[in-house]
Amino acid sequence: MAKREVAILDFGSQKLTILVGSRDVNNSINVRCTYQENYEGFMDGEFIEPKNLEKAISSCILGASKILGKEITNLIVGVPTEFTFCACKNVTKTYEKQRRFNENDIESLYKLAEMKIKTHTVISRSSIYFVLGENNKVSNPIGQVDSKISAFLSFVLAENGFLSTVSKILLRSGVENFDFVSSAYAQSQYLFDDDERERYALMVDCGYITTTVALIRGNGLLNLTSFSMGGGHIAGDLCTCLKIPFTSAENLLRKVALTIEPDENDTYDILINHNLVPISMRVANAIVESRIEVIGKAIKQCFSSWAYNFPDFIPIHLTGGGISFIKGGKDVLANCINRNVEIVSLPSSLTSKTNFSSSMAVLNYALNH
């Protein structure tokens with residue numbers, strides 16, 4: 001029997017990504033097709049060049065279809081956090097006599113907690129925990145017996161404008177069936193196992209232009225925030241402060257090592273207009289450290305704005321391509337936030353690179369559903 005393949009489209013803040021893959025016998029993911037398309041991205045919850053969005057999406061779908069040798073007509077779409085928000089709700093249901101809870105009982109709790117907002121639509125829903133009776137907290141109540149069940153449920157809602165715009169483009173691009181999922185929710189299920197989520201998990205996905213900050217517990221998201229700042233801003237600072245071309249600044253950033261204390265005469269040598277130009281390591285490092293500290297302060301502001309608290313001892317799990325590739329970047333971030341920072345390793349992937357974290361998570365979600 002042929003393996004079931006699924007296709008996903010994920011919106012990064014610099015690139016659109018399509019992955020097509022299947023599940024291997026050892027539960028790893030076999031990626032058959034990877035295709036990326038550069039586009040202008042988004043900032044502050046809006047696409048930077050909305051007029052170019054359809055061309056970029058259509059081109060991405062066409063490129064992946066050519067690799068596959070067939071049209072892509074079904075897609076799961078990962079929705080970035082800048083177009084979503086997270087809300088949690090407590091609900092309780094009491095029965096006249098004890099009963100053995102099943103999936104229909106759980107579905108009735110979700111319906112009881114149903115959220116209807118004119119501007120947004122629920123795209124992901126999950127449970128933080130359940131309580132049987134008065135204080136018997138469980139992660140999965142199915143098969144257990146009681147006369148009272150409470151649930152603390154999490155919902156991620158996406159802007160209708162985003163859903164409508166992307167839906168119309170997909171239909172015009174020949175995609176007949178599609179569904180949406182929160183990329184952050186997909187990452188919470190892909191990057192962390194059951195035990196990690198039960199103890200709380202903090203995820204920071206720092207990308208090119210945007211950063212997502214999420215507090216994870218159980219099977220859901222307790223808090224979810226994003227802000228428009230990432231690795232592209234670090235390169236932008238190098239470009240502005242050193243008065244070098246932006247592409248040269250991006251190349252310089254790949255060489256930056258914050259793990260060493262450079263001497264006054266140490267330099268990074270980069271090519272500018274076919275000439276090898278020395279850049280002071282001390283100056284470049286200071287510029288990069290300064291922007292990482294700004295990102296760190298923005299992350300702390302996310303923490304202070306959240307409705308739900310979390311233990312002080314849990315580390316930050318860093319993913320995305322914005323900071324994790326910078327040598328010593330996570331240590332600068334840890335010092336700024338005063339919390340241990342660990343770079344997340346992808347469970348099973350075509351690549352170990354964290355800039356594929358969101359896309360691989362959406363593919364994992366698609367294969368599980």
Self-check item: Donor on one side chain, acceptor on other, Q187 and D205, under 3.5 Å
Solution: yes

Quiz item: For V122, what are the other residues in its hydrophobic cluster, where any two members join if their side-chain heavy atoms are less than 4.5 angstrom apart?
Solution: F85, V91, Y95, F101, I106, L109, Y110, L112, M115, I117, F130, L132, V138, I142, I149, L153, F155, L157

Exercise. Please confirm whether the backbone N or O of A334 pairs with a side-chain atom of N338, one donor and one acceptor, at under 3.5 Å?
Key: no

Practice problem: Classify the side-chain pair T17/Q36 by whether it contains a donor and acceptor separated by less than 3.5 Å. | Solution: yes

Quiz item: Taking only residues at least two apart or on different chains, which pairs with a member in residues 195-236 satisfy ring-ring contact (aromatic ring centres under 6.0 Å, His included)?
Solution: none

Exercise. Look at atom CD of E107 and say whether more than 12 heavy atoms of other residues, nucleotides or ligands are closer to it than 6.0 Å.
Key: yes

Quiz item: Can you list every pair that meets side chain to side chain donor-acceptor pair (under 3.5 Å) and has a residue in residues 169-181, with sequence neighbours left out?
Solution: E54-R172, S58-S173, N74-N177

Exercise. May I have all residue pairs that pass side chain to side chain donor-acceptor pair (under 3.5 Å) and include part of residues 268-278, sequence neighbours excluded?
Key: T267-D269, Y268-N285

Quiz item: Between R23 and L367, is there a donor-acceptor pair closer than 3.5 Å when you use the side chain of the first and the backbone of the second?
Solution: no

Kindly list each side-chain donor-acceptor pair under 3.5 angstrom involving residues 40-50, sequence neighbours excluded, with atom names and distances?
unit_1 : atom_1 : unit_2 : atom_2 : d
E40    : OE2    : N52    : ND2    : 3.1
D44    : OD1    : S228   : OG     : 3.3

Extract all donor-acceptor atom pairs below 3.5 Å that involve side chains of residues 286-300 and protein atoms in other chains or at least two apart in sequence.
unit_1 : atom_1 : unit_2 : atom_2 : d
R291   : NE     : D237   : OD2    : 2.7
R291   : NH2    : D237   : OD1    : 3.0
R291   : NH2    : D237   : OD2    : 3.4

Exercise. Return each pair, listed once, that meets salt bridge (Lys or Arg N to Asp or Glu O under 4.0 Å) where at least one residue sits in residues 206-224; pairs must be two or more places apart or across chains.
Key: none

Quiz item: Under 3.5 Å, is there a donor-acceptor pair linking the side chains of S13 and T210?
Solution: no

Quiz prompt | Which atom of C206 lies closest to which atom of G230, heavy atoms considered | solution = SG-CA, 3.9 Å

Exercise. Tell me who clusters with Y35, hydrophobic residues only, linked when side chains sit under 4.5 Å apart either directly or through other members.
Key: I67

Practice problem: For E71, look at atom CD and say whether over 12 heavy atoms of other residues, nucleotides or ligands are found less than 6.0 Å away. | Solution: no

Exercise. Check salt bridge (Lys or Arg N to Asp or Glu O under 4.0 Å) between R339 and all other residues, then give those that pass, not counting sequence neighbours.
Key: none

Quiz prompt | N-O pairing of K93 and D105 below 4.0 Å | solution = no

Quiz prompt | Selection residues 112-124 - residue pairs positive for side chain to side chain donor-acceptor pair (under 3.5 Å), sequence neighbours left out | solution = T121-N160

Quiz item: Between N102 (side chain) and N104 (backbone), is there a donor-acceptor pair under 3.5 Å?
Solution: yes

Exercise. Could you tell me which non-hydrogen atom of I234 sits nearest to which non-hydrogen atom of G322, and how far apart they are?
Key: CD1-O, 4.0 Å

Quiz prompt | salt bridge (Lys or Arg N to Asp or Glu O under 4.0 Å) partners of residues 138-162, not counting sequence neighbours, each pair once | solution = E134-K148

Exercise. For the pair K15 and E37, find out whether any cationic side-chain nitrogen is under 4.0 Å from an anionic carboxylate oxygen.
Key: no

Quiz prompt | Heavy-atom closest pair, residues V213 and C302 | solution = CG2-SG, 4.0 Å

Self-check item: Polar side-chain atom of Y39 near backbone of G12 as donor-acceptor pair, under 3.5 Å
Solution: yes

Quiz item: Counting distance only, does the side-chain N/O of S28 pair as donor-acceptor with the main-chain N or O of D24 below 3.5 Å?
Solution: no

Quiz item: Does anything in residues 304-315 pair up under side chain to side chain donor-acceptor pair (under 3.5 Å), and if so which pairs, sequence neighbours excluded?
Solution: T225-W306

